[in-house]
Amino acid sequence: MQAATGRLVIGVDSSTQSTKVLVVEVETGRVVARGRSAHTVSDGPGRESDPEQWERALRDALAQTGVSERAEAISIGGQQHGLVTLDAAGRPVRPAMLWNDTRSAERIPSLLDALGGPQEWARRTGSVPPASFTVTKWAWLRAHEPEHAAATAAIRLPHDYLTGRLTGEPGGRGTTDRGDASGTGWWSAQTQAYDPEILGLPAVDLDPALLPEVVAPGQPAGTVAARDGLPLRDGALVAAGTGDNMAAAVGLGLLPGTPVLSLGTSGTVYAVSTTPTADPTGTVTGFADALGDWLPLACTLNCTLAVDRIAALLGLDREAVEAGGDVVLLPYLDGERTPNLPRATGLLTGLTHDTTPGQLLQAAYDGAAQALLGALDTVAVSGSGVAEDAPLLLIGGGAKGTAWRNTVRRLSGRAVVVPEQEELVALGAAAQAAALLTGESAAEIARRWETARGTVLDPLPRDEAAVERISGVLEAAGALLEPEGDRKA
Ligand SMILES: Nc1ncnc2c1ncn2[C@@H]1O[C@H](COP(=O)(O)OP(=O)(O)O)[C@@H](O)[C@H]1O
Ligand SMILES: O=C(CO)[C@@H](O)[C@H](O)COP(=O)(O)O
C-alpha cells in the first residue's frame, strides 16, 4: 500500500465472526492499512462470545496495520443487540449473548403481553422485539441466571463495550448512540430516549443507571484514555460508534431511495427513511440510524454461514451451483428471524432422482436470499422513497460471490450495484471518526470519499416460479417450522 501522508482515522467493524480495522486518510478516503482478527462463537443451544476476546481481536487487528498510533480519531461499529453484562469492576459477568442466540424467544409472548401487544411495542419502540433484541436476552438472563443478573452493574451493547474500553468510561457512565440503542427494545423511537415503562416491566426491572448515555449524532464519546496495550495514541478522539448496519449506511453515504442488501453472518435489507417506521407484524424493525434519520430493516439469521454449511455438507465449492429442478431448501439452520421462526430447523422438499448437488446448493442460496427480498416491500415504506425498480446496493462478505450476486439479480429482477470498497461498516465508522475532526456530517464525508462507487450488474428476468415455490413451501410447512406450543412458552 502507498505510504500515508495525510491525517488518519480508524474505523472498526466488530462483527460476529471477526474484527476488521481500516486506517483511512481523512482527506481522500484512501484506505492506507487494514487488519483483521477472528472471533469464536459458541455452538450448541445458544450463541455467545467473550467480550474480552473482542478487545484482544481489536488489539491484534490494530497492530497489524502498523500505523494505528498515527490516527487522530477512532470509531467502533459493532454487531447489534448483544447483551454484555459487566460487574462493578467493569469485567464481563458472563459471555455476551449474541443477536443470533434464539433462547430468549421463550420470553417474547409475555413481554409482548405486558405492554399491550405487538402493536404497542411497534408504536413505542418502532419494533416488535424478536429474540435478537437485548430486552429479550435480559429477561431470559433474569429468569435463568438470576445470580448473573444480580451481579450486573452495567449493561452494554458490543460496540459500547469496546468504546468504553477505549475511553475508560469516565465517571463510570458508558456511551452508546441512537442507532444501536434502537435495537435494544428499551429505547423509544417516539421520545428518542430510554422508555421508563419498558424498563419497569416486571420481567425487565432494569435501573436506567445501568445503561449507557446516548450520545447525540456527531458528538464524541470521549478520548483514548485506557489503552491497556492497545496501539493507539493517548488523547485520540473516540466517536460514539454505532451498530454495524447503521455504520454501513453511513459508510455508503446512504440517502433515501436506495435499498441495501447485506450478505454476512446475518442477511439484512434496509433503506434510510426520513420518518420513523412501526411495522406491527414485526417483519421490519424500525431502527434509528446513526445520524438523525431512520433505518427500517429486515434481518435473517441464516445467510452466508448457512449457505456455506450446505455447500460443505454437499462437498461442493460455494460457487458450484446449477440451475433447474424444483427443489426448495429453507436453510434455517439457526432458527430464523425473517420469517419469525426462532425454533425452526432447515427444511428440504421437492427432491427427485434428477436433483443434482448443484441444484440443492442453488436452492440454499434461493431460500436465504428470498427471505430478505420478500421483506423488501415492507422496508420500502413511505419516507424511504424506494422505487419498485431501484437498484440494490449489495454489500457484506457474500457480495464478493458470483452465486450470491446472480441469485439476488434473478430473484429480485433488479439491477445490483457492488461497491468496490468491501468493508462498508468499518468505512462508516471511519467516517464517524473523521467527522469529529472536520465538522462535516459523517454521511457527507462518505459521499465525498465515493464509497458507493462500484460495478453495476444489469437485472435478470425475475424468476417468479422460484419465488412462488418458496412461498408455497413456507405456507404449507406449518408445524414443521413452528413446533406446537412455540409461542405459548
Ligand atoms: N469470495 C467470496 N464469495 C462468497 N462469499 C464470501 C466470499 N468471501 C467471504 N464470503 C462470505 O462472507 C461471509 C463473511 O461476511 P462478513 O460480512 O465479513 O460477515 P460478518 O460481518 O457477519 O462477520 C462468510 O461467511 C463467507 O461465506
Ligand atoms: O441483528 C442484526 C440486525 O438487526 C445483525 O445484522 C447483527 O447486527 C449482526 O451482524 P453481522 O455480524 O452479521 O454483520
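If you're wondering where the values come from, they're calculated on a predicted model, not measured in any experiment. In each ligand, atom 1 is the first atom listed, and ligand 1 is the first ligand listed.
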Which heavy atom of the protein is the closest neighbour of [atom], given with residue, atom name and distance?
atom	result
atom 1 (N) of ligand 1	Lys400 CB, 3.6 Å
atom 14 (C) of ligand 1	Gln17 NE2, 3.9 Å
atom 2 (C) of ligand 2	Cys299 SG, 3.6 Å
atom 24 (C) of ligand 1	Thr304 OG1, 3.7 Å
atom 11 (P) of ligand 2	Asp244 OD2, 3.3 Å
atom 27 (O) of ligand 1	Asp308 OD2, 2.5 Å

Residue pair Thr407 / Ala369: nearest heavy atoms and the distance that separates them: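 For Thr407 and Ala369, the tightest heavy-atom pair comes out as CG2-CB, 3.9 Å.
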
Aromatic ring pairing His81/Phe133, orientation class (parallel under 30°, perpendicular over 60°, tilted between):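 Parallel.
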
His39 and Trp54 aromatic ring geometry - parallel, tilted or perpendicular at 30°/60° bounds: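 Ring orientation, 0 to 90° scale: tilted.
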
Taking only heavy atoms of [X] into account, list the atoms of ligand 1 that are under 4.0 Å away from them.
X	result
Gly398	5 (N), 11 (C), 12 (O)
Thr265	19 (O), 20 (P), 22 (O), 23 (O)
Ser15	20 (P), 21 (O), 23 (O)
Lys20	16 (P), 18 (O), 21 (O)

Arg107 charged N/C atom sitting above Trp140 aromatic ring, 6.0 Å / 45°: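 Here Arg107 fails the 6.0 Å and 45° test against Trp140.
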
Using a distance-only test with no angle check, is there a side-chain donor-acceptor pair under 3.5 angstrom linking [X] and [Y]?
X	Y	answer
Ser15	Gln79	no
Arg94	Thr85	no
Asp279	Thr378	no
Asp160	Thr176	yes

Look only at interatomic distance and state if [X] has a nitrogen or oxygen under 3.5 Å from any nitrogen or oxygen of ligand 2.
X	answer
His81	yes
Thr268	no
Gln80	yes
Ser15	no

Close side-chain approach of Leu373 to Leu392, heavy-atom, < 4.5 Å: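 In contact.
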
Heavy-atom side-chain proximity of Pro259 to Tyr270 below 4.5 angstrom: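 Side-chain contact under 4.5 Å: no.
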
Can you name the one residue among [options] that meets side-chain contact (heavy atoms from CB on, under 4.5 Å) with [X]?
X	options	result
Val417	Thr455, Leu457, Leu394, Leu393	Leu393
Gln80	Leu157, Asp180, Leu98	Asp180
Leu329	Leu348, Leu361, Asp366	Leu348

Option with minimal heavy-atom separation from atom 3 (N) of ligand 1, where the choices are Ala306, Gly401, Ser262, Cys303: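 Nearest heavy atom to atom 3 (N) of ligand 1 lies in Gly401.
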
Heavy-atom nearest option to atom 12 (O) of ligand 1, drawn from Gly77, Gly396, Gly397: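 Answer by nearest heavy atom: Gly397.
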
Mode of Arg318 contact toward ligand 1 - side chain, backbone, both, neither (heavy atoms, under 4.0 Å):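 Side chain only.
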
Any Gln17 heavy atom less than 4.0 Å from ligand 2: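 No, that is not the case, since the closest heavy atom of the residue is not under 4.0 Å from the ligand.
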
Ligand 1 N/O within reach of Glu319 N/O, cut-off under 3.5 Å: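 No; every N/O pair is 3.5 Å or more apart.
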
Asp13 N/O under 3.5 Å from ligand 1 N/O: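 N/O-N/O distance under 3.5 Å: no.
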
Side chain Asp13, main chain Ala426, donor-acceptor under 3.5 Å: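 Such a contact is absent between Asp13 side chain and Ala426 backbone.
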
Main-chain N/O of Val215 paired with Glu213 side-chain donor or acceptor, under 3.5 Å: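 Not at all, since once roles are kept as given, no pair shorter than 3.5 Å links the two residues.
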
Would you mind running through ligand 2 and noting each atom that sits below 4.0 Å from a heavy atom of [X]?
X	result
Thr16	9 (C), 11 (P), 12 (O), 13 (O)
Phe287	4 (O)
Ser266	5 (C), 6 (O), 9 (C), 10 (O), 11 (P), 13 (O)
Thr265	13 (O)

Side chain, backbone, both or neither: the part of Asn245 lying under 4.0 Å from ligand 2 by heavy atom: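 Side chain only.
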
Ligand 2 contact on Arg337 by region, counting heavy-atom pairs under 4.0 Å: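 Answer for Arg337: side chain.
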
